[in-house]
Enquirer: 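Okay, here's the structure, questions in a sec.
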Amino acid sequence: MLKLENITKSFDGKTILDNLNLEVKDNSILSIVGPSGAGKTTLLRCIAGLERVDSGTFTLNGKTFDPFDESVKERVVGVVFQDFNLFPHLSVMENVALAPEMVLKQDKKTAEKNVSDILAQLGLTSLKNQYPFELSGGQKQRVAIARALAMKPEILCYDEPTSALDPSLRDTVAQVILDLKNTGITQIVITHDPDFAQKIADQLLEVKPLND
């Protein structure tokens, strides 16, 4: 279980998160929904260790940890970014295998074997030698998910996973997220789309700007 206690974060004197408390059960999907400026992405960035909180504690499975600590962040939390952040000069296989080789120090053969399994799981095997410019938005989304999964995180976070996609692909993305739940991974999804949030969530957190 991931537990956040009294999490506070401010930017330029403006409080974005104010003593927030939250629990996310193992192997569950938490949807965080709310309008722009409500602190959704700030919360995700704090959980993922991309921003350091001003105060508060994080606990995972009963042990306190600091998401901002470089020695733990890659192993605990993976992030699927809104704009995918794929390297245009690398193939799908190379995009997904890069971090396991560089960060986890896997040899090339091991990394590519693990990546092949993940690509098969996400229906991407036939695209492994393609480059990002050859992919549709939905395919790029799945490659970004594969890249995050390759680091074997305990928690997978998504920043607005449907915002860069055609509305017709929303259900496809929802099914990918629901299917991943069967693998035992905990997922946190940031979205402005309440219908999408309801479709996938075991737990729903609605946030509003603090000055509302």
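Computation of the quantities below employed the complete heavy-atom set of this structure, encompassing side-chain atoms and omitting hydrogens, waters and symmetry-equivalent molecules.
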Enquirer: Under a 3.5 Å cutoff, is there a donor and acceptor pairing between the side chains of Asp117 and Gln121?
Expert: no
Enquirer: Does some side-chain heavy atom of Val77 sit less than 4.5 Å from a side-chain heavy atom of Glu154?
Expert: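 Result no, sub-4.5 Å side-chain heavy-atom pair not found.
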Enquirer: CZ/Phe81 to SG/Cys157 distance, rounded to the nearest 0.5 angstrom?
Expert: 9.5 Å
Enquirer: For the pair Asn21 (side chain) and Asn19 (backbone), establish whether a donor and an acceptor sit closer than 3.5 Å, ignoring hydrogens and angles.
Expert: yes
Enquirer: Sort and list the pairs that fulfil salt bridge (Lys or Arg N to Asp or Glu O under 4.0 Å) and have at least one residue in residues 90-111, not counting sequence neighbours.
Expert: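 Passing the test, one end in residues 90-111: Lys108-Glu112.
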Enquirer: Do the rings of Phe87 and His89 sit parallel, tilted or perpendicular, given the 30° and 60° boundaries?
Expert: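 Perpendicular: the ring planes of Phe87 and His89 meet at over 60°.
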Enquirer: Quick one, Leu205 and Leu43 - any side-chain contact, counting heavy atoms below 4.5 Å?
Expert: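 Heavy-atom side-chain distance check passes, below 4.5 Å.
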Enquirer: Answer yes or no: is there a side-chain heavy-atom contact under 4.5 Å between Thr42 and Phe11?
Expert: yes
Enquirer: Examine distances only and state if a side-chain atom of Thr191 and a backbone atom of Asp193 form a donor-acceptor pair shorter than 3.5 Å.
Expert: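 Side chain of Thr191 to backbone of Asp193: a pair is present.
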Enquirer: Same cluster or not: are Val33 and Leu22 linked, directly or through other Ile, Leu, Val, Met, Phe, Trp or Tyr residues, by side-chain heavy atoms under 4.5 angstrom apart?
Expert: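 Hydrophobic grouping puts Val33 apart from Leu22.
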Enquirer: Quick check: closest heavy atoms across Phe68 and Gly49, and the distance to 0.1 Å?
Expert: CD1-O, 3.2 Å
Enquirer: Please round to the nearest 0.5 Å and tell me the distance separating atom CZ of Arg52 and atom SG of Cys46.
Expert: 11.0 Å
Enquirer: Among residues two or more places apart or on two chains, list those pairs meeting salt bridge (Lys or Arg N to Asp or Glu O under 4.0 Å) that have a residue in residues 20-37.
Expert: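 Sorted result for residues 20-37: Lys3-Glu23.
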Enquirer: When you compare the side chain of Val76 with that of Pro67, does any pair of heavy atoms fall below 4.5 Å?
Expert: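 Sidechains of Val76 and Pro67: no contact.
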Enquirer: Please determine whether residues Leu149 and Leu98 belong to a single hydrophobic cluster, defined as Ile, Leu, Val, Met, Phe, Trp and Tyr linked transitively by side-chain heavy-atom distances below 4.5 Å.
Expert: no
Enquirer: Looking at Leu204, is its backbone amide N or carbonyl O close enough to the side chain of Ser31 to form a donor-acceptor pair, meaning the two atoms are under 3.5 Å apart?
Expert: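 No.
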Enquirer: Over all heavy atoms of both residues, which pair between Leu90 and Asn95 is shortest? Give the atoms and the distance, please.
Expert: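 Nearest pair, atom of Leu90 first, then Asn95: O-ND2, 3.0 Å.
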Enquirer: Ignoring hydrogens, what is the shortest heavy-atom contact between Val79 and Leu156? Give both atom names and the distance.
Expert: N-CD1, 4.2 Å
Enquirer: Of all the heavy-atom pairs spanning Leu124 and Ala146, show the shortest one and how long it is.
Expert: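 For Leu124 versus Ala146, the nearest heavy atoms are CD1-CB, 4.4 Å.
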Enquirer: Hey, could you give me the NZ/CG distance between Lys63 and Leu60, rounded to the nearest 0.5 Å?
Expert: 9.5 Å
Enquirer: Given the rule that I, L, V, M, F, W and Y join up when any side-chain heavy atoms are under 4.5 Å apart, are Tyr158 and Ile185 in one cluster?
Expert: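 Yes.
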Enquirer: Measure the spacing between CG of Asp159 and CD1 of Ile188 and express it to the nearest 0.5 Å.
Expert: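 Rounded to the nearest 0.5 Å, the CG-CD1 separation comes out at 12.5 Å.
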Enquirer: Find out whether Phe65 and Leu2 are in side-chain contact, i.e. whether some heavy atom of one side chain is under 4.5 Å from a heavy atom of the other.
Expert: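 Yes, at least one pair of side-chain atoms sits under 4.5 Å.
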Enquirer: Transitively linked via ILVMFWY side-chain contacts under 4.5 Å: Val53 with Ile155?
Expert: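 Val53 and Ile155: one cluster.
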Enquirer: If every non-hydrogen atom of Ser91 is compared with every non-hydrogen atom of Tyr131, which pair is closest and at what distance?
Expert: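 In this case the closest contact between Ser91 and Tyr131 is N-CE2, 3.4 Å.
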Enquirer: Please check if the number of heavy atoms outside Glu206 that lie under 6.0 Å from its CD is greater than 12.
Expert: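 No.
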Enquirer: List the steps and the verdict of side-chain contact (heavy atoms from CB on, under 4.5 Å) for Met93 and Val143.
Expert: CA-CA 9 Å; Met93 172 63 78; Val143 174; over 6 Å; no
Enquirer: Quick check against the 3.5 Å criterion: does Lys128 have a side-chain atom that pairs as donor or acceptor with the backbone of Val92?
Expert: no
Enquirer: Is a side-chain donor or acceptor of Glu160 paired with a backbone partner of His192 at a separation under 3.5 angstrom?
Expert: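 Side chain of Glu160 to backbone of His192, a donor-acceptor pair under 3.5 Å: yes, one is there.
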Enquirer: Given Arg170 and Asp195, is the side-chain contact (heavy atoms from CB on, under 4.5 Å) satisfied, shown in steps?
Expert: CA-CA 10 Å; Arg170 185 177 66 172; Asp195 293 335; 3.8 Å; yes
Enquirer: Decide, yes or no, whether a salt bridge links Lys9 with Asp18 under the criterion of side-chain N to carboxylate O below 4.0 Å.
Expert: no
Enquirer: Minimum heavy-atom separation for Gly78 and Pro153, please, with both atom names.
Expert: N-CB, 3.5 Å
Enquirer: Within a strict 4.5 Å, meaning less than it, do heavy atoms of the Pro100 and Asn114 side chains meet?
Expert: no
Enquirer: What side chain to side chain donor-acceptor pair (under 3.5 Å) pairs are there with at least one residue in residues 134-147, not counting sequence neighbours?
Expert: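 Sorted result for residues 134-147: Ser136-Gln139.
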Enquirer: Working to the nearest 0.5 angstrom, can you tell me the gap between Ile118 CD1 and Met151 CE?
Expert: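 With rounding to 0.5 Å, CD1 (Ile118) is 10.5 Å from CE (Met151).
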Enquirer: Run the side-chain contact (heavy atoms from CB on, under 4.5 Å) check on Leu180 and Ile145 step by step: do they pass?
Expert: CA-CA 10 Å; Leu180 284 175; Ile145 293 171; 3.7 Å; yes
Enquirer: Do Asp54 and Ile7 have side chains that get closer than 4.5 Å, going by heavy atoms?
Expert: no
Enquirer: Assess, by modelled atom type and distance only, whether the side chains of Thr64 and Thr57 contain a donor and an acceptor separated by less than 3.5 Å.
Expert: no
Enquirer: Please walk me through it: do Asn6 and Leu20 pass side-chain contact (heavy atoms from CB on, under 4.5 Å)?
Expert: CA-CA 5 Å; Asn6 301 319; Leu20 182 142; over 6 Å; no
Enquirer: Could you grab the distance from atom CD1 of Ile47 to atom CG of Leu30, nearest 0.5 Å is fine?
Expert: 7.5 Å
Enquirer: Grouping I, L, V, M, F, W and Y whenever their side-chain heavy atoms are under 4.5 Å apart, do Leu127 and Leu119 come out in a common cluster?
Expert: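 Yes, it is one cluster - the side chains of Leu127 and Leu119 are joined through contacts under 4.5 Å.
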Enquirer: With a 4.5 Å heavy-atom cut-off, do Ile200 and Lys181 have their side chains touching?
Expert: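 Contact flag for Ile200/Lys181 side chains = no.
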Enquirer: Quick check: does any side chain N or O of Asp202 sit under 3.5 Å from a backbone N or O of Ile29, one acting as donor and the other as acceptor?
Expert: yes
